[in-house]
2 protein chains.
Amino acid sequence: MAKESAGGAASAEYDPHAFPPFAVTADVAVFTQTRQGLEALLVERGEDPFAGCWALPGGFVKPEESLDEAAARELEEETGIRGGAYLEQLRAFGAPDRDPRMRVVTVCYVAVVPRLPKPEGGGDAARAELVPVSRVLSGRVKLAFDHREIFRAALEHVRTRLEYSPIATAFCGDVFSLTELRAVYEAVWGEELDPANFRRKVLGIPGFLEETEGTRQWQGRGRPGKLYRKGKAQRLDPPFRRAG
Amino acid sequence: MAKESAGGAASAEYDPHAFPPFAVTADVAVFTQTRQGLEALLVERGEDPFAGCWALPGGFVKPEESLDEAAARELEEETGIRGGAYLEQLRAFGAPDRDPRMRVVTVCYVAVVPRLPKPEGGGDAARAELVPVSRVLSGRVKLAFDHREIFRAALEHVRTRLEYSPIATAFCGDVFSLTELRAVYEAVWGEELDPANFRRKVLGIPGFLEETEGTRQWQGRGRPGKLYRKGKAQRLDPPFRRAG
DNA sequence: TCAAAAGTGTTAATTCTACACCCATGT
DNA sequence: ACATGGGTGTAGAATTAACACTTTTGA
């Protein structure tokens with residue numbers, strides 16, 4: 001086999017077929033927030049290996065699509081959500097023995113969606129369900145392959161991004177009250193935040209939120225809150241730091 | 001082709017050969033600091049496509065090695081550095097047309113090494129050279145494939161990590177003075193830092209630095225500084241924030 | 001009118017920043 | 001001794017955290 005890189009330094013000869021073939025998949029860790037708190041979308045495997053275990057939704061990258069497109073397609077197939085959702089690559093996982101059948105490199109993505117319409121597999125998935133993140137972390141949910149490791153990395157990614165990106169708004173609908181947004185931070189970080197200070201901090205970040213005219217109606221007792229929309233900022237500067 | 005994922009939901013049948021074959025490479029963006037400031041290691045391509053262009057060092061992932069191992073191997077082949085260097089995955093790049101010859105997914109790594117012994121290719125590379133980062137960013141260096149995009153992402157990664165990880169110490173040798181460490185931040189961020197405040201900030205981060213007995217001898221005029229070693233901390237908490 | 005949540009104000013503690021100043025060393 | 005960089009001190013500014021207080025609504 002040629003030692004030479006496809007993208008690296010020069011070598012004497014090049015044989016377009018002299019490379020070890022890999023399967024490449026795109027897996028997506030989909031997070032959302034429900035009454036139960038932070039939840040993730042998992043699918044139950046119907047066959048070996050790991051039959052009966054749960055796995056992140058995903059599938060082969062097609063020959064003509066990019067990695068991002070593959071992830072977006074998988075997300076849509078599983079959730080029906082086309083665009084607008086937060087979708088970002090985490091990283092690739094490729095231990096030689098991560099799939100006992102063949103050499104598979106999986107490129108993992110993190111997706112954040114507002115309250116999922118319903119946990120129904122897009123058509124072919126055996127069973128897709130929203131599972132509380134705490135249940136996965138506690139080990140009560142058996143995950144296939146190295147998906148436990150991936151899941152942990154994905155969750156850590158979301159927790160970190162909450163400080164520096166507007167990712168938190170992706171958990172909410174088109175418009176949302178500050179209390180709803182605060183609930184996202186509290187659910188993901190697992191700690192309570194002072195409503196007054198939260199308001200000032202979050203409104204003080206330029207481009208993070210955009211004011212709207214509306215107010216929340218439905219919510220019962222207490223004064224309704226103003227509604228906000230996601231702003232144009234791509235990065236939170238200054239970041240919304242978690243308590244230190 | 002099976003729609004089914006190797007790691008995803010269940011399907012009726014499984015054919016171990018029904019997946020589109022990809023080539024998978026590991027590319028490494030190697031950064032170091034020299035008298036000229038921040039520099040990166042690039043290799044010159046000797047053949048098409050992109051003959052005469054520069055590229056990140058890299059090569060095929062072997063069937064039996066992990067992605068991390070492949071990156072570490074490439075790093076060693078190009079720099080002679082075995083361990084101890086900072087090496088972390090950035091992310092995968094896999095646009096369908098990024099290599100005109102075939103479908104290649106490259107898993108990119110960022111490496112940070114202390115002053116490179118000498119820019120000699122580990123044996124087979126046509127020409128490996130340290131190139132000032134500013135020259136690459138200015139577009140005066142032609143990069144092959146999508147390596148310009150990768151390079152930019154890698155540099156941004158280093159700049160960001162400087163705040164939250166002890167990556168800055170990887171630019172220095174085994175022991176280093178605070179001035180040497182500060183020079184790293186100044187080179188990567190391109191802004192001057194107050195020596196007094198830098199000292200307090202950096203020494204105030206638990207586990208970041210470890211005091212040693214020695215002092216810098218060689219440096220000429222001025223009082224020699226104490227030498228420090230990298231501490232055990234994996235994350236900088238509180239982070240060393242860049243000026244806002 | 002009472003409870004609950006939205007929203008504003010205030011203050012003490014903490015952290016930054018800028019810069020003055022002393023210390024140690026090579027020339 | 002003097003120039004240069006290491007290292008400490010410190011005062012004002014800016015930020016933060018905690019919580020009191022007022023406003024608006026549903027019940």
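Convention: sequence-line order gives letters A, B, ...; per-chain numbering from 1.
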Colleague: Got a sec, which residues hit salt bridge (Lys or Arg N to Asp or Glu O under 4.0 Å) with Glu210(A), two or more places apart in sequence or on another chain?
Modeller: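 Listed in chain order: Arg229(A).
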Colleague: At less than 4.0 Å, is any side-chain N or O atom of Lys201(A) found next to OP1 or OP2 of dT15(D)? Yes or no.
Modeller: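 So the side-chain polar atoms of Lys201(A) never come under 4.0 Å of the phosphate oxygens OP1 or OP2 of dT15(D).
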Colleague: Leu227(B) has an atom CG; how far is it from atom P of dA24(C), in whole Å?
Modeller: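 One finds 17 Å between P of dA24(C) and CG of Leu227(B), rounded.
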Colleague: Scan nucleotides 5-13 of chain D nucleotide by nucleotide, 5' to 3', and note B when protein non-hydrogen atoms come under 4.0 Å of the base, S if they reach only the sugar-phosphate, - if neither.
Modeller: BBSBBB---
Colleague: Which residues pass the side chain to side chain donor-acceptor pair (under 3.5 Å) test with Thr32(B), sequence neighbours left out?
Modeller: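 None.
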Colleague: Rounded to whole angstroms, how far apart are CG on Leu193(A) and C1' on dA5(C)?
Modeller: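 Answer to the nearest Å: 16 Å.
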Colleague: List in chain and number order the residues that pass side chain to side chain contact (heavy atoms under 4.5 Å, CB included) with Arg182(A), two or more places apart in sequence or in another chain; answer none if no residue qualifies.
Modeller: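 Thr179(A), Glu186(A), Leu193(A), Pro195(A), Phe198(A).
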Colleague: Set out, in order, the CA-CA distance, both residues' side-chain angles and the distance that settles side chain to side chain donor-acceptor pair (under 3.5 Å) for Tyr164(B) and Arg241(B), then state yes or no.
Modeller: CA-CA 8 Å; Tyr164(B) 312 111; Arg241(B) 318 255 332 127; 3.1 Å; yes
Colleague: So, using side chain to side chain donor-acceptor pair (under 3.5 Å) as the criterion, who are the partners of Gln33(A) when residues are at least two apart?
Modeller: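 Result, side chain to side chain donor-acceptor pair (under 3.5 Å) vs Gln33(A): none returned.
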Colleague: Going by salt bridge (Lys or Arg N to Asp or Glu O under 4.0 Å), name the residues that satisfy it together with Arg82(B), two or more places apart in sequence or in a different chain.
Modeller: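 Scan of Arg82(B) (salt bridge (Lys or Arg N to Asp or Glu O under 4.0 Å), adjacent residues dropped) gives Glu76(B).
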Colleague: CD of Glu191(A) versus C1' of dA17(D): gap in Å, rounded?
Modeller: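 Checked: the CD to C1' distance equals 13 Å.
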Colleague: For Phe198(A) and dA5(C), what is the distance between atoms CZ and P respectively, to the nearest whole Å?
Modeller: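 Taking atom P of dA5(C) as the reference, CZ of Phe198(A) is at 16 Å.
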